2 protein chains.
Amino acid sequence: MINYKRQSSTFVKAMLDFADNNIINSVMTTQSSVLKARRYCEDKGARFTLLREKVYTLLIDRNGAMGAYELLDELKKTEDSAKPATIYRALDFLLEFDLVHRIESSNAFVACHHFGCNHPVQFLICESCGDVQEIQSAGMQATLDKQAETHGFKVKTQTIEAHGICKNCQ
Amino acid sequence: MINYKRQSSTFVKAMLDFADNNIINSVMTTQSSVLKARRYCEDKGARFTLLREKVYTLLIDRNGAMGAYELLDELKKTEDSAKPATIYRALDFLLEFDLVHRIESSNAFVACHHFGCNHPVQFLICESCGDVQEIQSAGMQATLDKQAETHGFKVKTQTIEAHGICKNCQ
DNA sequence: GAGAAATTGTTAAAATTTTGTAAATCACTG
DNA sequence: CAGTGATTTACAAAATTTTAACAATTTCTC
């Protein structure tokens, strides 16, 4: 386990710049995403504790959605004391800071790779490989808002989830 | 057809109060909706049994979504033997024939008033009064499909639910 | 009416989510 | 660096939602 506080500040800075630039995708993303998330939380005065980091990392590593119990089973491998509440509290935190989204139509959770940007988002969920793609379509939002408006309805939160087949699986 | 202009103003006022109280709406639409549903099912060779009718009626009478246990509690008043499975089986049937929709973002169910038409639909869910409005926007569908397509994704089913404040509650 | 199919009764349990309380940890202050 | 208050975690329990399994019953078909 890496102790981030032990690293020299120049190293950390380099890593964070690295992360921000988003250059690497496959090899480094877990580390850089977690670093970015840590900084994002700490900037807001929130504590990105080890438990929360572990749950977030599990979700980042999986390229798709995970149920709470699947997360729990994974977490238990390194956290003997993990119980349902452990997962749900970590998720509450991560959801609050938009580091994670909830997929309503499958009772599951996905890591958000671009937190800090403008939400809300929409999801494309592959029935075949389980991959979850998060998209941000201003058009979708606008269309829904407009539709709602014609019915005199004021939208606060929106849930837009599509299940189907992704590019790779066709 | 009644010509309201002929009626005395006090009569008209009474009628309007009556209507506002929703009495006409609930008495008449429930019956006709249930009749329509029955015929719709029987045309397809499906059995609109008493249990299924009761569950459907409960959902029609409520102008909004109900959870499974809320339905169960209501059903128990006339069906002593009702258990969770009773509700879920009835719902399975009703969902299969699109007489009822599931609201994913609140684990609840609403009656569909215009089954037989082309689905899918979108929901406007009022946080204040619980009312659920079902809309059918071709634009929404098209926009989602198009967005998905640009990501190489083929949509099979879509979940579009907006939570907010309805016209009456603003 | 006999046999097949669908529906319901009953029981149990799995899966998901929330709550409460006490203990541990952290952050801050003097 | 000890004390204090706030936050987080451990632990226990339970509420909510959903599904499974199998027997009993009803309905349909021939």
Side-chain angles (χ1 to χ4, degrees), chain A residues 1 3-5 37-38 41-56 58-59 65-97 99-110 130 159 161, chain B residues 37-38 41-56 58-59 65-97 99-110 130 159 161:
Chain A
M1 179 111 23
N3 181 343
Y4 296 106
K5 292 187 176 170
R38 167 179 302 286
C41 289
E42 288 173 355
D43 278 356
K44 298 193 164 196
R47 286 154 57 183
F48 195 67
T49 65
L50 185 59
L51 262 178
R52 291 162 180 174
E53 175 179 323
K54 282 187 176 181
V55 172
Y56 182 64
L58 285 171
L59 282 169
M66 294 177 79
Y69 267 54
E70 203 182 343
L71 277 167
L72 180 56
D73 289 342
E74 288 299 319
L75 185 62
K76 269 183 179 162
K77 291 179 182 171
T78 63
E79 289 286 325
D80 224 33
S81 63
K83 301 260 154 39
T86 318
I87 288 293
Y88 279 100
R89 283 186 179 133
L91 286 173
D92 279 349
F93 175 89
L94 296 169
L95 287 167
E96 190 183 338
F97 286 89
L99 298 174
V100 158
H101 297 295
R102 187 190 155 81
I103 309 285
E104 304 285 358
S105 53
S106 36
N107 287 349
F109 305 86
V110 280
T159 301
E161 301 167 5
Chain B
R38 167 179 302 287
C41 288
E42 287 173 355
D43 277 357
K44 298 192 164 197
R47 285 155 59 183
F48 196 65
T49 65
L50 185 59
L51 264 178
R52 290 163 180 174
E53 176 179 324
K54 283 187 175 179
V55 172
Y56 183 65
L58 285 171
L59 282 170
M66 294 177 78
Y69 265 55
E70 204 183 342
L71 277 166
L72 179 56
D73 289 342
E74 288 300 319
L75 185 62
K76 270 183 179 162
K77 291 178 181 170
T78 64
E79 288 287 324
D80 225 32
S81 64
K83 303 255 155 42
T86 317
I87 289 292
Y88 279 100
R89 281 201 283 239
L91 287 173
D92 277 350
F93 175 88
L94 297 169
L95 287 167
E96 188 184 339
F97 286 89
L99 299 174
V100 158
H101 297 295
R102 187 191 154 81
I103 310 285
E104 305 285 356
S105 52
S106 35
N107 286 349
F109 305 86
V110 281
T159 302
E161 300 167 5

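Letters A, B, ... are given to chains in the order of the sequence lines, protein chains preceding strands, and every chain is numbered from 1. What you are looking at is a predicted structure, and each value in this text was computed from that prediction instead of being measured. Values below: all heavy atoms of this structure, side chains included; hydrogens, waters and symmetry mates excluded.
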Short side-chain N/O contact from [X] to OP1 or OP2 of [N], under 4.0 Å:
X       : N      : answer
B:Arg89 : D:dA20 : no
B:Arg52 : C:dT8  : yes
B:Ser81 : C:dT8  : no

Measure [atom1]/[X] against [atom2]/[N] and give the value in whole Å, please.
X       : N      : atom1 : atom2 : value
A:Leu91 : C:dT18 : CG    : P     : 10 Å
A:Ile87 : D:dT8  : CD1   : P     : 17 Å
A:Asp92 : C:dG20 : CG    : C1'   : 15 Å
B:Lys54 : C:dT7  : NZ    : P     : 18 Å
B:Leu75 : C:dG9  : CG    : C1'   : 13 Å
A:Leu50 : C:dA24 : CG    : C1'   : 15 Å
A:Lys83 : C:dA22 : NZ    : C1'   : 14 Å
A:Lys76 : D:dT9  : NZ    : P     : 18 Å

Checklist entry - Under a 4.5 Å cut-off applied to non-hydrogen side-chain atoms, are B:Leu71 and B:Leu91 in contact? => result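 They are in side-chain contact.
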
Identify which nucleotide among [options] has an atom closest to any side-chain atom of [X], counting heavy atoms from C-beta outward.
X        : options                : answer
A:Thr49  : C:dT17, D:dT8, C:dG9   : D:dT8
B:Arg102 : C:dT7, C:dT10, D:dT18  : D:dT18
A:Leu51  : C:dT17, D:dT19, D:dT9  : D:dT9
B:Arg47  : C:dT11, D:dT27, C:dG9  : D:dT27
B:Ala85  : D:dT17, C:dA27, D:dA20 : D:dA20
A:Tyr69  : C:dT17, D:dT18, C:dT11 : C:dT17

Next on the checklist: Treating A:Arg52 as the side-chain partner and A:Arg47 as the backbone partner, does any N or O pair qualify as donor plus acceptor under 3.5 Å?
Outcome noted: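 Such a contact is found between A:Arg52 side chain and A:Arg47 backbone.
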
Next on the checklist: Taking B:Glu104's backbone N and O only, do any of them form a donor-acceptor pair with B:Glu161's side chain (distance below 3.5 Å, no angle check)?
Outcome noted: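 Such a contact is found between B:Glu161 side chain and B:Glu104 backbone.
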
Next on the checklist: Closest-nucleotide mapping onto DNA chain D: is A:Ala46 or B:Gly67 further toward the 5' terminus? I mean the 5' end.
Outcome noted: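 Its nearest nucleotide being more 5', the pick is A:Ala46.
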
Next on the checklist: Heavy-atom nearest nucleotide on DNA chain C for B:Phe93 versus A:Ala68: which residue maps closer to 5'?
Outcome noted: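 It is B:Phe93 whose nearest nucleotide is closer to the 5' end.
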
Next on the checklist: Angle between ring planes, B:Tyr56 versus B:Phe48, binned at 30° and 60°: parallel, tilted or perpendicular?
Outcome noted: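 Rings of B:Tyr56 and B:Phe48: perpendicular, over 60°.
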
Next on the checklist: Other residues, nucleotides and ligands only: do more than 12 of their heavy atoms fall within 6.0 Å of CG on A:Asp43?
Outcome noted: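 Yes, the 6.0 Å shell around CG holds more than 12 heavy atoms from other groups.
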
